[in-house]
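Below you'll find the structure, written out as structure tokens, and then a few comments.
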Amino acid sequence: DAGVTQSPTHLIKTRGQHVTLRCSPISGHKSVSWYQQVLGQGPQFIFQYYEKEERGRGNFPDRFSARQFPNYSSELNVNALLLGDSALYLCASSGTGTQFETQYFGPGTRLLVL
Amino acid sequence: AQSVAQPEDQVNVAEGNPLTVKCTYSVSGNPYLFWYVQYPNRGLQFLLKYITGDNLVKGSYGFEAEFNKSQTSFHLKKPSALVSDSALYFCAVRVLGSSNTGKLIFGQGTTLQVKP
């Protein structure tokens with residue numbers, strides 16, 4: 001079975017630009033979560049979506065937004081990029097997003113903001 | 001506030017020796033605990049989780065973890081380390097009843113170096 005897929009794998013942007021990252025969950029999974037991993041730190045929660053509705057939001061500015069589509073894939077959008085947005089962005093999927101479930105992670109998108 | 005601590009930035013062990021990677025947590029309510037491994041330029045791979053039941057949890061690749069409620073710890077262990085186990089290990093927690101039902105809180109990570 002295919003795991004979580006993310007695109008693109010790498011991205012270079014300049015300050016002030018906008019970026020869209022994409023994620024396809026494991027087949028049958030309806031919940032998608034997004035995390036930001038800055039070099040040398042553990043991943044930080046950004047968003048969770050389940051059945052196209054936002055279930056939770058981490059402590060990130062409004063420049064960060066996301067959505068989930070009817071096929072359960074998801075997009076993470078970041079506007080007005082800052083140098084500090086440079087990070088590995090991880091997508092994770094799970095069945096229904098409950099506390100008990102394992103979240104399975106994709107390979108990530110590495111974003112560099114210059 | 002809920003948090004996870006991994007007190008060691010790096011653990012060094014010789015191949016064939018047992019390894020332990022430490023994790024402590026601070027949560028209100030019952031914790032749901034997870035271990036993930038990250039290889040260079042890769043995403044996180046799930047190793048094992050504790051939800052309820054037996055305090056010793058067995059996972060992938062020969063890893064196991066021991067849940068200790070009184071010490072609020074969830075240390076990762078393996079009886080005999082392999083060079084291929086060298087990677088970055090993350091402990092994470094989720095708490096029942098949180099409105100953020102899918103939110104994982106991660107520790108800072110521990111780099112495991114297994115030397116031949």
Just verifying a value: how many Å separate A:F105 CZ and B:Y36 OH, rounded to the nearest 0.5 Å? 5.0 Å

Donor-acceptor contact present, side-chain B:R42 to main-chain A:G106, <3.5 Å: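 No, B:R42 side chain to A:G106 backbone: no donor-acceptor pair under 3.5 Å.
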
Side chain of A:Y35, backbone of B:L104: donor and acceptor closer than 3.5 Å? yes

Verify side-chain contact (heavy atoms from CB on, under 4.5 Å) between B:I105 and A:F45, making sure each step is shown before the conclusion. CA-CA 7 Å; B:I105 300 168; A:F45 173 77; over 6 Å; no

In this structure, are over 12 heavy atoms from other groups packed under 6.0 Å from [X] atom [atom1]?
X: B:K22; atom1: NZ; value: no
X: A:R15; atom1: CZ; value: no
X: A:N59; atom1: CG; value: no
X: B:Y61; atom1: OH; value: no
X: A:L83; atom1: CG; value: yes

Any link between A:Y104 and A:I46 through a network of hydrophobic side chains (Ile, Leu, Val, Met, Phe, Trp, Tyr) touching at under 4.5 Å?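 Different hydrophobic clusters.
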
Any chain of hydrophobic side-chain contacts (each under 4.5 Å) joining A:L88 to A:L76?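 In one cluster with A:L88: A:L76, no.
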
So which heavy atom on A:L90 is nearest to which on B:G43, and how close?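 Answer, listing the atom of A:L90 first, then B:G43: CD2-CA, 4.0 Å.
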
With a 4.5 angstrom heavy-atom cut-off, could you sort out which part of B:Q6 is near chain A: side chain, backbone, both or neither? neither

Contact between B:K103 and A:Q48 at the side-chain level, heavy atoms closer than 4.5 Å - yes or no?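 No; the side chains remain at least 4.5 Å from each other.
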
Any idea which of A:Q37, A:R110, A:Q44, A:Q6 has the most non-hydrogen atom pairs under 4.5 angstrom with chain B? A:Q37

Looking at A:A92, A:P43, A:P107, which has the largest count of heavy-atom pairs under 4.5 Å with chain B? A:P43

